[in-house]
Amino acid sequence: MTQRPGIASPEEDPNVEILCASPPCFMHELDPAWLGLLSWEQIRAWRRAERAALIARRLAVPVAARLERDDAITVHVRAAVPDLARRHVGFYWPFKGEYDPRPLARALHREGARLALPVVATKGRPLIFRAWRPGTRMMPGVWNIPIPAEGEEVTPDTLLVPLVGFDARGYRLGYGGGYYDRTLATMAPRPLAIGIGFEIGRLATIHPQPHDVRMDLTVTEARATGIGASSGPAEPTP
């Protein structure tokens, strides 16, 4: 039997012919970011920077342009979920240049919809929702965002969820508190989650993690995009 020559190390003979069963592997030399192997700390740092940049960009949009975008989003939401007025809708009070859903909420109230607003009852826990209607007494909540001052806890079947950023798979970049992720993960049956943002917030990926919860539908001033079926009472209309 012919014996294979031994493999000399490059330090011993840099010109030696190395005989191996397979080509050498250079995977260790690849950038972890290229492989999608970012650590959670790296992802958190990226999200913080991206969040700050996106919020600054949307705050820089002139008021007239914001109103025009909001009107376009309202049209797309209505078209995508034509039975919205027959649903129990949890919306949000706008913050830092977000889409303003209050005109839509008032219109839905006139059409007979039940409405609710999110409340941070306990830090780090899922949101609760309190009933809202025009004239409801409000008080400052977390970040001084107005919340209903009192009222029973209710369970909406549809949520309008603000997006700082988002990707094509329906994953959402929010403010980093994880409140909507916790809430959607624990609500049963799960409500229809409608993420609402702007085209400037569209990202290639948010680097989703196991705790990130996808939207069922994302809506911007350009279009509404169905992502996947919800376990809630109905699926979004494409």
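The chain is numbered in sequence order, starting from 1.
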Under a 4.5 Å cut-off applied to non-hydrogen side-chain atoms, are Leu104 and Leu160 in contact? yes
Closest non-hydrogen atom pair, Glu98 against Trp93: OE1-O, 3.9 Å
Side chain to side chain contact (heavy atoms under 4.5 Å, CB included) between Trp46 and Leu38: does it pass, once the steps are laid out? CA-CA 10 Å; Trp46 177 87; Leu38 294 172; 5.8 Å; no
Pairs in or reaching into residues 134-156: which pass side chain to side chain donor-acceptor pair (under 3.5 Å), with residues at least two apart or in two chains? Arg137-Glu150
Arg182: what forms a side chain to side chain donor-acceptor pair (under 3.5 Å) with it, not counting sequence neighbours? none
Minimum side-chain heavy-atom gap Tyr175-Ile55 below 4.5 Å: yes
Trp40: partners by ring-ring contact (aromatic ring centres under 6.0 Å, His included), with sequence neighbours left out: His211
side-chain hydrogen bond (donor to acceptor under 3.5 Å, both in side chains) with Arg190: of Asp157, Asp216, Thr183, only one passes, and it is Asp216
Does any part of the side chain of Ile206, heavy atoms only, come nearer than 4.5 Å to the side chain of Arg172, both counted from C-beta? no
Kindly compute the distance separating CG (Leu159) from CD1 (Ile194), expressed to the nearest 0.5 Å. 8.5 Å
Please answer whether the main-chain N or O of Leu173 pairs with a side-chain N or O of Arg51 as donor and acceptor at a distance below 3.5 Å. no
Check Arg102 with Asp100, please: is the shortest side-chain N to carboxylate O separation under 4.0 Å? yes
When you group the ILVMFWY residues by side-chain heavy-atom contacts below 4.5 Å and let the links chain together, are Met138 and Val142 in the same group? yes
Contact check, side chains of Ile196 and Tyr92, non-hydrogen atoms, under 4.5 Å: yes
Nearest heavy-atom approach of Phe129 to Ala116 is CB-CB, 4.0 Å
According to a hydrophobic-cluster definition based on side-chain heavy atoms being under 4.5 Å apart (Ile, Leu, Val, Met, Phe, Trp, Tyr only), do Ile145 and Val164 belong together? yes
For Pro191 and Thr158, work out which heavy atoms get closest and say how close. CB-N, 3.9 Å
Sequence-distant partners of Glu221, side chain to side chain donor-acceptor pair (under 3.5 Å), two or more places apart: none
I need the minimum non-hydrogen distance between Leu163 and Gly197, along with the two atoms involved. CD1-N, 3.8 Å
Among residues at least two apart in sequence or on other chains, which ones pass side chain to side chain donor-acceptor pair (under 3.5 Å) with Thr122? none
Would you please name every residue forming a salt bridge (charged side-chain N to carboxylate O under 4.0 Å, His left out) with Arg106, sequence neighbours left out? none
Which Ile, Leu, Val, Met, Phe, Trp or Tyr residues join Val63 in one cluster when any pair of side-chain heavy atoms under 4.5 Å counts as a link? Leu67
Do other residues, nucleotides or ligands put more than 12 heavy atoms under 6.0 Å from the CZ atom of Arg130? yes
Atom CG in Leu115, atom NE2 in His109: separation rounded to 0.5 Å? 7.0 Å
So do the side chains of Met139 and Ile147 get within less than 4.5 Å of each other, counting heavy atoms only? yes
Between atom CZ of Arg78 and atom CG of Asp83, what is the distance when rounded to the nearest 0.5 Å? 11.0 Å
Does one hydrophobic cluster hold both Tyr179 and Val161, with members joined at side-chain heavy-atom distances below 4.5 Å? yes
Where Leu108 and Val89 come nearest, the two heavy atoms and their spacing: CD1-CG2, 4.4 Å
Leu203, Val61: one ILVMFWY side-chain cluster at the under-4.5 Å cut-off? no
Once ring-ring contact (aromatic ring centres under 6.0 Å, His included) is applied, do any residues pair with Phe91, and if so which ones, sequence neighbours excluded? Trp132
Filter on side chain to side chain donor-acceptor pair (under 3.5 Å), then keep only pairs touching residues 63-76, sequence neighbours left out; what's left? Thr74-Tyr99
For Asp212, the salt bridge (charged side-chain N to carboxylate O under 4.0 Å, His left out) test, sequence neighbours excluded, returns Arg47
Side chains of Pro156 and Met187 in contact at under 4.5 Å (non-hydrogen atoms): yes
Tell me, do Arg214 and Phe166 make a side-chain contact under 4.5 Å, heavy atoms counted? no
Could I get the full list of salt bridge (charged side-chain N to carboxylate O under 4.0 Å, His left out) partners for Arg110, not counting sequence neighbours? none
Considering residues at least two apart in sequence or located in another chain, which fulfil the salt bridge (charged side-chain N to carboxylate O under 4.0 Å, His left out) criterion with Arg57? none
Name the residue from Thr186, Leu184, Asp181 that meets the side-chain contact (heavy atoms from CB on, under 4.5 Å) definition with Pro126. Thr186
Give a yes or no on whether Leu127 and Val119 share a hydrophobic cluster (residues Ile, Leu, Val, Met, Phe, Trp, Tyr; joining criterion: side-chain heavy atoms under 4.5 Å apart). no
Testing the basics here: between Leu54 and Gly201, what is the closest heavy-atom pair and its distance to 0.1 Å? CD2-CA, 4.0 Å
